[in-house]
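Given the structure is predicted, the values throughout are model-derived calculations rather than measurements. Hydrogens, waters and symmetry mates play no part in the numbers below; they use all other heavy atoms, side chains included.
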Amino acid sequence: MTTMRFAKALSAAALLALAGLPAAAQGPAAPDDLAALKTQLLQLRVNPYPPPRERAAQILVAVVRRMDVSVIDKATIDEIAGLLEDNSDAVRGRMAIALGNIGEPAKHTVPALEKAFARAKDYVAAAQNSPQPAIGYRNFGLGTSADSICFALAKLEASVPPGCVEGRYEPSPPATPPTAN
């Protein structure tokens, strides 16, 4: 019985000691970052509710920003690109940002980004022409997926579509009907 308590205390002390070490002293974090990235992709696949999915997409971008992108395999990049067809504009936007931050390894996703940009332009046009703005339009100043796709295409050094200005989408103003005088 005493041996068991000693083993538990020793285990707890070892965990506390490891928790106190700085991240750099613990060794390379690439496998952990890749696992975290895949965990967020799993959340995006299985969770049907928008707020947690959008949060998972946001976390995925943060993981990509801090990790060594050379460890991300093509299948994972393709899975991220597949989410450019998601129903949530916020998820589509975050995936575009992730692809832009991955850089050169994600260059083959440019056609998917261009296709998603057409959908994003339609989303922006519908929001502009609606008398009641869509929830999430311009995402509290963070922009739409069109903005994110412009950013990603610029980062991937692809040709940017008309309307993309310095990593943001500047749609032409909605047509105003002529006034009758």
Side-chain angles (χ1 to χ4, degrees), residues 29-128 130 133-171:
D32 292 337
D33 287 340
L34 187 58
L37 176 70
K38 291 184 182 217
T39 298
Q40 296 310 315
L41 283 169
L42 176 65
Q43 285 298 315
L44 285 162
R45 272 196 319 269
V46 300
N47 198 329
Y49 303 106
R53 295 183 79 253
E54 291 168 2
R55 180 71 178 140
Q58 185 177 9
I59 293 169
L60 184 141
V61 170
V63 170
V64 167
R65 282 185 178 146
R66 76 167 184 235
M67 72 185 294
D68 174 13
V69 296
S70 67
V71 301
I72 304 174
D73 56 283
K74 186 179 183 302
T76 303
I77 293 170
D78 291 343
E79 190 173 348
I80 293 169
L83 288 165
L84 291 170
E85 296 179 11
D86 196 85
N87 288 333
S88 167
D89 189 66
V91 170
R92 291 191 308 267
R94 299 288 193 245
M95 295 307 103
I97 291 170
L99 292 169
N101 285 328
I102 291 170
E104 184 64 34
K107 211 160 178 136
H108 70 278
T109 65
V110 167
L113 285 162
E114 291 168 341
K115 180 180 174 190
F117 184 72
R119 181 177 182 185
K121 284 191 340 184
D122 293 342
Y123 173 79
V124 170
Q128 281 183 328
S130 173
I135 295 174
Y137 175 69
R138 286 289 180 194
N139 203 9
F140 304 104
L142 297 176
T144 63
S145 64
D147 295 305
S148 301
I149 294 167
C150 287
F151 162 82
L153 290 170
K155 289 276 281 190
L156 294 173
E157 298 176 354
S159 61
V160 292
C164 288
V165 179
E166 296 180 11
R168 288 195 58 91
Y169 176 60
E170 299 294 333

Q. Any sub-3.5 Å donor-acceptor pair from D147's side-chain atoms to T144's backbone N or O?
A. yes
Q | R53 (side chain) donor-acceptor with Q43 (main chain) under 3.5 angstrom | A | no
Q: Test K115 against E85 for salt bridge (Lys or Arg N to Asp or Glu O under 4.0 Å), laying out the working first.
A: CA-CA 9 Å; K115 180 180 174 190; E85 296 179 11; 3.6 Å; yes
Q | salt bridge (Lys or Arg N to Asp or Glu O under 4.0 Å) evaluation trace for R119 with D122 | A | CA-CA 5 Å; R119 181 177 182 185; D122 293 342; over 6 Å; no
Heavy-atom side-chain contact between [X] and [Y] under 4.5 Å:
{"X": "L37", "Y": "M67", "answer": "yes"}
{"X": "P105", "Y": "I77", "answer": "yes"}
{"X": "I102", "Y": "I80", "answer": "yes"}
{"X": "T109", "Y": "L84", "answer": "no"}
{"X": "D73", "Y": "K38", "answer": "yes"}

So, for [X] and [Y], which heavy atoms are closest and what is the spacing to 0.1 Å?
{"X": "C150", "Y": "F117", "value": "SG-CE1, 3.7 Å"}
{"X": "L99", "Y": "A81", "value": "CD1-CA, 3.9 Å"}
{"X": "V160", "Y": "A154", "value": "CG1-N, 4.0 Å"}
{"X": "L44", "Y": "A56", "value": "CG-CB, 4.1 Å"}
{"X": "A96", "Y": "A152", "value": "O-CB, 3.1 Å"}
{"X": "L83", "Y": "M95", "value": "CB-CG, 3.4 Å"}

Q) What pairs with K107 under salt bridge (charged side-chain N to carboxylate O under 4.0 Å, His left out), at least two apart in sequence or on another chain? A) none
**Q.** Partner residues of R66 under the salt bridge (charged side-chain N to carboxylate O under 4.0 Å, His left out) criterion, sequence neighbours left out
**A.**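 Salt bridge (charged side-chain N to carboxylate O under 4.0 Å, His left out) list for R66, sorted by chain: D33.
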**Q.** Atom pair CG (L60) and CZ (R55), whose distance is rounded to the nearest 0.5 Å
**A.** 12.0 Å
Q) Which distance, rounded to the nearest 0.5 Å, do you find between the CZ of F151 and the CG of N101? A)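 Output value for this atom pair is 4.5 Å.
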